[in-house]
Number of protein chains: 2
Amino acid sequence: MATLKDIAQALDLSVMAVSKALRDASDISAATKARVQEEARRINYVPNQSARNLRSHQSRLFGVVVPNVNNTYYSNLVWGIERQAEVMGYQILLAHSLDQGDCEIAEVRRLLARQVEGVLLVPAVRWQNRFMTLELLRQSGIPVVMLDRYPAGAEQFQQASWVVCRDQYGAELATRHLLELGHREILHLCGPNGSSASAARFGGYRKTMGDSEAGFRDNLVFLAGSDIESGRKAISQAISEKVSFTAVTAFNDLVAVGAADVLQHQGFRIPTDVSLVGFGDGLLAANFRVPLTTIRIPQIELGTAAVRLLEELIRGAAVDPRELPVELVVRYSTARVSPPA
Amino acid sequence: MATLKDIAQALDLSVMAVSKALRDASDISAATKARVQEEARRINYVPNQSARNLRSHQSRLFGVVVPNVNNTYYSNLVWGIERQAEVMGYQILLAHSLDQGDCEIAEVRRLLARQVEGVLLVPAVRWQNRFMTLELLRQSGIPVVMLDRYPAGAEQFQQASWVVCRDQYGAELATRHLLELGHREILHLCGPNGSSASAARFGGYRKTMGDSEAGFRDNLVFLAGSDIESGRKAISQAISEKVSFTAVTAFNDLVAVGAADVLQHQGFRIPTDVSLVGFGDGLLAANFRVPLTTIRIPQIELGTAAVRLLEELIRGAAVDPRELPVELVVRYSTARVSPPA
DNA sequence: ATTTTTTTTAGAAACGATTTAGAACTTTTA
DNA sequence: TAAAAGTTCTAAATCGTTTCTAAAAAAAAT
């Protein structure tokens, strides 16, 4: 592999001059720069980032930790992150937490070993110690931006911030939409415990129900999770408990899909018998068996916004967390409540 | 950030001894190792990978280039890759080619600058020069494993290999399935030009049709691509050309979904009027409006197998490309052909 | 007690770039 | 014409680790 030294020798220059020429420094003549650049191209010179990094303490590397890229929601975040990072001249190291705290911290440690300049993190929902990762990052002086969710009390970490969507408002929109269609018995299938997004969406549901004539009743709330299977289980439980309902709000599209699956198998028609609202608006929502009414999250923007925040943190600025807007997308899984048979 | 030196000073040892102790070298006493490891933990020591890499020429880094992680198919590959890489002690740098040759080569160059020990690549379908990337990698002495597709003639690159699925066989399965259901007029919606996968799947379709009594007719073949929109366009063209057909084989699930969308809008019922087979079996296939009969690709295994091949290449072994098995998954988008009205 | 062998630790150099400081040369200014 | 200023390049030190070589200490053998 060619090095600066090779170029320097070929052109009878100092290594320094070559280094500076390639970085377009001001104190190198245009003629020399041209010669150097040509030679560099000729021998296919690729700078050694490890050496550069070691000396300059600039890795131009971001670490990204998501539960799994398998999930479209997270892969959209990663996509947004990578696109924006590339624009700003950074590359990304991708790691998976599997939503487990111990994996998360192990991965962050590995990222730190690579001298990443910042970390983008979808915090694992299950922590043994909620702040361990943030604490480690603080100790290392590495800023972090969380996406999608964040632990309550994260404000105390100066080098941390987060980008989420307006979860509570989104859930309010969803619930209000159902109320306006005449539904009164509306289930809520909660997301995983320990996720601020779950809490916020549940909060939006509870508030809207409480403010309505329907009122909030906690026997209409079921713990699901964030995947299809959890949606199946939750709705099955609701059915087996013989709860009466005409509509369902789900933590996300996958939970909605799982619920829809079971409902249809049990003979409920959607939306004739049961209306259903998802959250997220991934590819699946629009193309599901019955296209889902859902709350649209600007997933890619979540990623790009997070990188922008991270850059500000790196520059030492104090940044406020951001909340991105959401909107209701009405498709075919919701309809006016049908009069009781 | 704590360094080896800090530990050495605290324990009154040489930097070397500490370095070796942490790597569990054979010529350091157990007592010293214990002391060192304890101190390392105490001060939260994280080794500097850049320095390590610079000196030892081992980055323990793989570069991964996919068109976009947005696409579930590719994100599944990335997931498989990362999982296996982690097992083998490697981290991954993720980059996007957008399926464009110039992006691809630029990204590979950036990966090389990071001293990656190997590259995993889904080659862009559009090359200005098909072998440019492989050539660059050969020059740099970095092995590469391609996934999903590869340029014809790639055998000449000793440090390159690839992992694909049995594309041709899969298309044969799909076509035969339709023939067995009594279909004779079967469309094929091709994948992008320049992809070996497209060619192989088309080949499987052509062979099976040619061998059957139905025979192969090229007016039943339409160029689509790899996304939903391209599926829409291709089927629209088929309809506008007034081609008579009772079944469709699509390059992948997304193309199938796009086609189904248009078909249903135009009043065709699936599978009553038109049978449809996808390829891939992503999340969407099982949960689409009408659950798709499709060819299952072991996407995650594709990723893990690729990493294993890459490791062999790194060890200097000559490896043969791999073909992973596929299987037909019958759902609800295919049915016996209905007698002409 | 001396030599040999084995175990354990230390020193110096190196990896490939950048930072800092300053030298050599040219041009401008007084 | 000498001093000041600007331009262009160079030398040496350095980043944090590992490799290579060798020295010191401990244990075993004579």
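Within every chain, numbering begins at 1; the chains are lettered A, B, ... in the order of the sequence lines, protein sequences first and strands thereafter.
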Whole angstrom is fine here: how far is it from [atom1] in [X] over to [atom2] in [N]?
X      : N      : atom1 : atom2 : answer
A:L54  : D:dG16 : CG    : C1'   : 5 Å
B:L22  : D:dT17 : CG    : C1'   : 11 Å
A:R114 : D:dT17 : CZ    : P     : 14 Å
B:N48  : C:dG16 : CG    : C1'   : 14 Å
A:I28  : C:dC25 : CD1   : C1'   : 14 Å
B:Q49  : D:dC15 : CD    : P     : 19 Å
B:M16  : D:dT21 : CE    : C1'   : 12 Å
A:R60  : C:dA17 : CZ    : P     : 18 Å

Below 4.0 Å: OP1/OP2 of [N] and any side-chain N or O of [X]:
X     : N      : result
B:S56 : D:dT17 : no
A:S14 : D:dC9  : no
B:Y45 : D:dT17 : yes

I want to confirm an ordering. Mapping B:D27 and B:S50 to their closest nucleotides on DNA chain D, which one lands closer to the 5' end? B:S50
Minimum-distance nucleotide to [X] side chain [options: [options]]:
X     : options                : answer
B:K20 : C:dT9, C:dT18, D:dT18  : C:dT9
A:A51 : D:dT17, C:dT19, C:dA17 : C:dA17
A:H57 : D:dC9, D:dG16, C:dA10  : D:dG16
B:A17 : C:dG16, C:dA10, D:dT10 : C:dA10

Base of C:dT18 paired with side chain of A:R55 (donor-acceptor, under 3.5 Å): yes
May I ask you to verify whether the side chain of A:R52 and the base of C:dT18 hold a donor-acceptor pair under 3.5 Å?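 Checked by distance alone, the answer is no.
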Determine the minimum heavy-atom distance between A:L54 and B:A51, stating which atoms define it.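 The pair with the smallest heavy-atom distance is CD1-CB, 3.7 Å.
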Any donor-acceptor pair under 3.5 Å from A:K33 side chain to A:R23 backbone: no
Has B:D6 got a side-chain atom pairing as donor or acceptor with B:T3's backbone, closer than 3.5 angstrom?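 It does hold such a pair.
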Angle between ring planes, B:F131 versus B:F157, binned at 30° and 60°: parallel, tilted or perpendicular? tilted
So, are B:E107 and B:R110 salt-bridged, with charged N and O less than 4.0 Å apart?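 Salt bridge flag = yes for B:R110 with B:E107.
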